[in-house]
Every structure is written in structure tokens, then in C-alpha cells.
There are 2 protein chains.
Amino acid sequence: MSRKVTIADIARELNLTGATVSRALNNRPGTSESTRRLVQATAERMRYQRDRIAYSLRSGRSHIIGVIIPSAEINFFGSVIHGIENMANQHGYNVLIYQSNELPAFERKGIATFLGTRVDGILASIAKETTDFRHYLEVKERGLPLVFFDRANDSLHIPSVVVDDFKGAWYATEHLVHQGYRRIAHIAGQQHLKIFRDRLEGYKAALAANNLPVDDTLIYYGNVSIEAGRQAVRHLLAQARPPDAVFAVEDFSALGAIKELKDRQVSIPGEFGVIGFANEAFGEHITPSLSSIDQQTVQMGKEAFKLLLEMIEGGAGQVQHHTKSRIILEPVPVFRQSSLRRPLHGGQQP
Amino acid sequence: MSRKVTIADIARELNLTGATVSRALNNRPGTSESTRRLVQATAERMRYQRDRIAYSLRSGRSHIIGVIIPSAEINFFGSVIHGIENMANQHGYNVLIYQSNELPAFERKGIATFLGTRVDGILASIAKETTDFRHYLEVKERGLPLVFFDRANDSLHIPSVVVDDFKGAWYATEHLVHQGYRRIAHIAGQQHLKIFRDRLEGYKAALAANNLPVDDTLIYYGNVSIEAGRQAVRHLLAQARPPDAVFAVEDFSALGAIKELKDRQVSIPGEFGVIGFANEAFGEHITPSLSSIDQQTVQMGKEAFKLLLEMIEGGAGQVQHHTKSRIILEPVPVFRQSSLRRPLHGGQQP
DNA sequence: CTGAAAGCGCTAACAC
DNA sequence: GTGTTAGCGCTTTCAG
């Protein structure tokens with residue numbers, strides 16, 4: 001085990017002192033051009049590598065950011081992490097992962113270890129079970145930069161990066177209208193989550209804007225699962241005036257709906273149109289392929305890191321005023337077979 | 001920004017000295033029961049939190065492990081990370097993520113930053129483009145615990161956790177035999193990757209063991225993609241004596257094969273059986289649903305961490321001898337519609 | 001332009 | 001049992 005080479009080693013080698021070597025390595029003023037070059041060359045030769053722990057202790061900066069996600073197993077978050085890590089890496093930061101498993105207790109533990117590790121900032125997506133947000137507010141009060149992504153909570157006044165769920169739902173619903181569907185149902189998600197509420201509102205608004213009535217009997221409240229999608233279809237088709245299309249709050253409900261419709265020999269998209277939300281990987285491969293709304297996951301990760309970085313570098317105090325503290329990404333519709341019964345072209349409007 | 005509370009603060013509060021407080025907090029011998037309790041209570045009250053940076057600098061241990069993966073966007077790795085992080089968390093460790101993006105240059109950079117951060121160990125899955133393994137050998141020589149997962153390289157003699165690709169391929173192939181298929185083709189992957197070579201060998205061995213000839217014209221060498229799967233089917237069906245089933249080296253090729261077969265109105269599994277490898281999420285949802293071999297991703301992450309932990313705690317030197325340095329996980333067949341043309345039951349053997 | 005010295009917060013040796 | 005001291009590796013005053 002070859003011992004690590006330290007600044008002291010280099011200093012000894014060159015008959016200098018640690019201070020000078022440090023200055024030279026960091027290109028700080030107060031060293032002659034020649035010694036700086038000499039020092040840097042020897043450092044290279046000796047394979048010197050700055051000890052970030054010591055650096056952190058001294059400087060108070062770790063160049064590490066902490067990221068709290070519900071689970072790395074969920075595709076969506078893997079994709080966001082991808083965006084975060086790539087951007088962080090470009091800026092000399094590393095990424096510490098912590099999974100909440102959707103439980104507030106883990107969130108608190110994650111924040112605690114992050115504080116101990118002196119991360120320079122925290123990115124977080126709130127756990128489903130979290131209703132008390134004090135641990136997040138404490139982070140803010142400590143002056144540690146914090147940015148939410150995807151699952152945010154506006155009332156906390158903490159910067160966030162989210163996708164525009166309202167608009168995405170609007171796009172999805174309006175697309176079904178343009179495709180000639182007239183009774184459009186909605187499979188809704190748990191209403192205590194803002195993202196699902198927003199989608200419901202977007203759905204309603206798009207109907208209204210297109211002079212279609214909002215019929216509460218066409219809204220099915222489920223729990224975001226394949227089974228909920230199946231149940232929704234059973235429920236909707238049993239009605240006196242059944243719908244001819246459905247916008248599902250996310251892709252798994254949409255998948256359940258498609259499965260149930262196929263079981264009942266309802267042709268998609270001919271008799272019935274389906275569109276989901278999230279653009280999960282499977283949507284492209286099922287039959288019929290699933291139309292959906294893409295949430296720009298990688299971009300979300302990148303924007304979240306950039307916002308955090310501004311806060312870190314700007315000094316957390318001022319950021320609230322100087323930087324845009326709420327970034328809303330544009331959802332991107334992805335139209336596939338499940339909702340297309342007429343050719344797509346530019347002039348879709350009536 | 002309320003300043004951090006340190007051991008010194010507690011000591012001052014109690015008219016003690018830092019050393020005693022430290023001992024008490026860490027339940028180390030040499031403190032009276034009463035003071036220990038007192039100290040711990042005050043620490044709690046003052047919301048003391050141990051500074052891990054200082055701890056690390058002093059102790060040389062960071063309780064952080066570094067994980068190098070090709071990309072967090074790939075499902076498989078997200079799932080492994082899930083296993084790693086959960087297990088690490090249980091043992092008081094945190095996980096630093098670094099993506100290689102399949103490039104050795106990033107791997108080297110990742111290792112360098114990990115060394116700087118004094119991670120206690122490294123878990124890595126080798127990038128596809130990596131052919132020179134010196135950076136990994138250096139980690140080993142420095143005595144820093146290192147474990148490969150999934151993408152390993154035996155010749156380096158570095159501990160690893162992998163799934164038994166040979167056996168998985170054997171299971172897949174033999175299953176097709178048991179289902180009555182007699183001319184079984186294989187869509188192979190790039191042969192410079194060991195995992196793909198092993199699957200090819202498992203396929204051949206299973207055929208031989210079942211007294212079926214290994215016919216080289218039934219092996220298609222592709223590049224692991226949907227398109228390769230389609231090409232393979234086109235190629236195979238054009239032959240004088242076409243196959244009646246195919247074992248694809250992974251699920252995307254299998255998916256391509258299914259798409260092409262459906263386009264050609266070949267009935268699955270009646271006329272033609274298909275099985276893949278990896279048990280990707282989409283396989284369950286396509287039509288027909290895809291049979292595959294599960295790679296135990298979460299388990300892989302957990303085992304990898306446990307092995308690394310043994311090395312960390314045991315002292316890296318001895319581990320080579322004391323611990324099982326190569327863990328081979330049992331692949332788990334998942335039989336679905338694409339390969340089932342007779343009912344499954346216990347007595348499958350002829 | 002360079003050196004000496006202090007200190008980030010913690011723990012481990014060695015006193016007492 | 002508790003205190004004193006030193007030091008992990010680095011940066012940053014303050015002197016020279």
C-alpha cells in the first residue's frame with residue numbers, strides 16, 4: 001500500500017514549505033511563475049492528489065451534493081440522476097445518493113448524514129408519505145442550498161424544478177379532442193399529490209377550452225397502478241353513456257386500461273383512444289404503442305443541478321431574490337398508435 | 001444560519017473537555033456511566049451532529065463507498081444501485097455515484113475523485129470501451145477494497161459479483177427444448193464481452209446435453225438492439241431449414257425478433273418460441289409477454305456491498321484468502337407467453 | 001516572493 | 001475517570 005503523497009512530501013522534495021506548495025498548486029497569487037511551474041510539475045510526477053477531506057475540513061466546502069430520491073429502482077429517478085451526475089461532474093462536483101423509500105424517516109436520516117458530510121447543497125424529491133416538512137425547512141434555515149425536483153411543495157418557498165403537469169395534461173386531452181374523440185374520461189391519481197391534482201385540472205381546462213363539458217362521472221379516482229387502469233375501464237364502460245377515450249394520469253394506469261380494453265375486444269385507437277403520462281420505456285413496445293407525455297427527466301436533473309450550483313456559488317442568502325427560483329419544464333407530447341386515428345399534421349386546430 | 005454545534009461546545013457547556021465528550025459520545029471505555037449519559041443527553045438537546053469530515057480526516061475512514069456505473073439511465077444499474085444503497089445505509093455507509101458513460105477516461109477520473117474523497121471502498125461495473133485495466137489494478141495495489149459487479153474481468157483477480165450467464169443461457173435453451181422446439185437459434189452479442197460469450201456457451205452446452213446438434217448457421221451475431229433482433233429473424237427465416245425458436249442474448253434483441261415475427265404473421269409461441277435474457281420491465285407488458293432470465297439485480301447490489309464491507313472491515317490485505325472472492329448468483333427463469341406452448345409443471349424432463 | 005504558525009473538528013496516546 | 005497534547009492534510013493569515 002503505497003502511502004498517499006501529500007503537500008508536505010512535495011515541499012520536502014523541493015525544499016519549500018507547505019504554504020508555498022499549496023499556493024502554487026491552486027494558482028494563487030504570491031508565487032513566482034517559476035516555482036509554480038516547478039511545483040506543479042513535481043506534483044504531477046509524484047502523482048499528487050489533493051485530499052478532499054482535508055480540503056473540506058479547512059474550507060468548509062466539500063464539492064459534494066446530496067440527492068434524495070424515493071428509489072433508484074424507479075426509472076424516472078435513474079434518469080434524473082443521470083442528468084444530475086453528468087452536469088455535476090462537469091462542474092467538479094460529486095453526487096451522494098440517498099433513498100427515502102418514500103418514508104419521511106429516511107428523508108430525515110438522509111438530511112442528517114448529508115449535513116454531517118458537509119455537502120454543499122441538497123437536491124430532493126419529496127417522499128409520498130411526507131406531510132411534515134420541517135426537516136426541509138431546517139435545511140433552508142441553516143443556509144444550506146436546497147432545490148426540489150419533480151415532487152416539490154410550493155408553500156415551503158424552496159426553489160424547484162418541475163415539469164408543467166397542468167400543461168402536459170392539457171396537451172394530452174386536447175390531442176384526443178383533435179383526434180375526434182368527444183367523450184374523454186380521466187383516470188386520476190391520489191389527490192393529495194399536487195402533480196396529480198394539476199393533471200386533473202389541466203384535463204378539465206382543456207375540455208372547457210374546447211367546448212366540451214366536464215363530466216364528473218367520467219373521472220375515475222384510482223391509485224396509479226395497472227389494476228387501477230383496468231378497474232377504471234370496467235367502471236367507465238359500464239355507464240349509460242360510456243366515454244370514447246381516456247387520458248390516464250400516468251402510463252401504468254394507461255397500460256391497465258389498454259389491457260382491459262383489449263380483453264373486451266374494444267379496438268384501439270379506432271373505437272377508443274388512450275393516452276398516458278410519463279413516457280415510460282415500455283410504452284414504445286406494447287401493442288398498440290402508447291401515446292404519452294414526456295417529462296424531460298434528464299433535462300430536469302441538469303436544470304436542478306444548475307439551479308443548485310447558482311445558489312451554492314451565489315451564497316444561499318441572496319439566491320431567493322436573484323435567481324429564478326422555480327423552473328418549469330415544458331412537457332413533450334409523444335404520440336403513438338394508442339391515440340392516433342387520423343394522420344398528424346401541422347394544422348390540427350379545428 | 002445557526003452555527004454548527006461541535007464537541008467543544010458540549011464540553012464547554014458541561015465543564016468537561018473534548019476528549020471526555022468524544023469518549024462518551026462514542027461509548028468508549030473510560031467514562032463514568034453518569035457523565036456518559038449526561039453528555040449524550042446534552043448532545044441530543046443541543047442537536048449535536050458528528051462532523052464526518054473531521055472524523056474522516058482523523059480516522060482515515062469516510063464511511064462512504066464509491067460506485068462506478070456506466071449510466072444511471074440504464075434500468076439494470078438503477079436497480080443494482082437500489083440494492084447497494086439500501087444495504088450500505090443499513091451499515092452506516094453512504095454511496096457516491098459516478099457514471100463512466102462507458103468510457104475508460106471517465107472511469108479513471110471517477111477513481112481519482114474517489115481516492116481524493118477517501119472512500120472506504122469502490123464498487124464498479126466495467127465500461128464497455130475499457131480494455132486497459134491499469135486504473136483498477138492501481139486501486140487494488142493501493143490496498144483500497146474493490147469489487148466488480150456484473151461486468152467483471154476474471155484475469156485481474158479482483159473480487160466480483162456476477163450472475164451465472166452460462167447457467168442462465170442453459171436454462172433458457174433447455175426450457176425451449178422442453179417446450180418441444182427442436183431447431184433452436186441464438187441471437188448472440190458482441191463476443192469481446194465475457195457475459196455474451198458465456199451465454200453463447202451455455203446455449204451450446206444445453207443443446208448438446210439434450211442431444212440436439214449445434215448448428216452454426218443458427219447463430220446470428222448482432223449488436224444487442226431491437227434492430228439486430230429483427231435482422232436475425234430475417235436472416236434465420238430465409239434459410240433452407242429455418243429454426244422454430246430463438247434464445248436471444250438479451251431482451252431487446254428478443255423484442256426485435258418478436259416484432260419481426262409478428263410482422264411476418266408467424267404465431268408465437270405456436271409456430272415459433274422466443275426467450276430473452278435480463279427480464280427488462282417491458283417484457284411483462286408486450287404481446288405476447290416475453291419469457292426471460294432474471295439477473296437478480298437488487299440482490300447483486302446487496303451482495304456486492306456485503307462483499308466490499310467484508311473487505312473493508314477485514315483489512316484489504318487478507319481478504320483475498322479469507323472471503324469468497326467471487327460470488328455467482330443464480331439466474332431465475334421467468335416463463336411467459338412467448339415460449340409457452342405447453343403447460344408448465346414439475347416433471348418437465350423427458 | 002516565501003516561511004512560520006494556527007486551526008478546521010475530531011480522536012487516540014499518554015498523563016494524572 | 002478525566003484532562004492534556006498532538007496530529008490527520010490542507011489553507012490562510014501574518015511576518016519576514
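Every chain is numbered from 1, with letters handed out A, B, ... down the list of sequences.
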Whole-Å distance, Asp9(B) CG to dG9(C) C1', equals 10 Å
- Message: One pair to check against salt bridge (charged side-chain N to carboxylate O under 4.0 Å, His left out): Glu102(A) and Arg151(A). What are the steps and the verdict?
- Response: CA-CA 11 Å; Glu102(A) 304 287 9; Arg151(A) 308 225 201 120; 3.0 Å; yes
May I ask you to decide whether Arg37(A) forms a salt bridge with Glu33(A), counting only side-chain N to carboxylate O separations under 4.0 Å?
yes
Aromatic ring pairing Tyr55(A)/His63(A), orientation class (parallel under 30°, perpendicular over 60°, tilted between): tilted
| task | Answer yes if the side chains of Asn89(A) and Tyr98(B) hold a donor-acceptor pair under 3.5 Å, and no otherwise. | result | yes
Check your understanding: Could you walk me through whether Ile328(B) and Val162(B) pass the side-chain contact (heavy atoms from CB on, under 4.5 Å) check?
Key -> CA-CA 5 Å; Ile328(B) 302 181; Val162(B) 294; 4.2 Å; yes
Separation of dT2(C) atom P from Leu38(A) atom CG, nearest Å, is 10 Å
| Quick one: does His82(A)'s side chain get under 4.5 Å of Asn101(B)'s, heavy atoms only? | yes
Closest of dC10(D), dA12(C), dT2(C) to the Leu16(A) side chain is dT2(C)
Original post:
Under 6.0 Å from the CZ atom of Arg134(A), do we count more than 12 heavy atoms belonging to anything else shown?
Top reply: no
Arg61(B) atom CZ is separated from dA12(C) atom P, nearest whole Å, by 11 Å
Side-chain N or O of Thr35(B) closer than 4.0 Å to phosphate OP1/OP2 of dT2(D)
yes
Here the residues of residues 21-29 of chain A within 4.0 Å heavy-atom distance, strictly under, of DNA chain D are Ser22(A), Arg23(A), Asn26(A), Arg28(A)
**Request:** Using the six-membered ring wherever Trp is involved, compare the ring planes of Phe148(B) and Tyr136(B) and label them parallel, tilted or perpendicular (cut-offs 30° and 60°).
**Result:** perpendicular
>> Within the 3.5 Å criterion, strictly below it, is a donor on Arg52(B) or Thr117(A) matched to an acceptor on the partner's side chain?
In response: yes
Handout entry: Ile312(B) side chain reached by Ile65(B) side chain, heavy atoms, under 4.5 Å
Key = yes
Could you walk me through whether Lys140(A) and Leu156(A) pass the side-chain contact (heavy atoms from CB on, under 4.5 Å) check?
CA-CA 10 Å; Lys140(A) 183 183 170 187; Leu156(A) 304 179; over 6 Å; no
In short, the helix from dC1(C)-dG16(D) to dC16(C)-dG1(D) is bent end to end, axes from five pairs each side, to 10°, by 50°
*Tell me whether the OP1 or OP2 atom of dC1(C) has a side-chain N or O from Ser32(A) closer than 4.0 Å.*
no
To the nearest angstrom, the NZ-C1' distance between Lys4(B) and dC10(C) comes to 11 Å
Per the under-4.0 Å heavy-atom filter, residues of residues 43-58 of chain A near DNA chain D come out as Tyr48(A), Arg50(A), Asp51(A), Ala54(A), Tyr55(A), Arg58(A)
Contacts of Arg118(A) and Gly30(A) projected onto DNA chain C by closest heavy atom; the upstream (5') one is Gly30(A)
From CD1 of Ile7(A) across to P of dG7(C) the rounded distance in Å is 19 Å
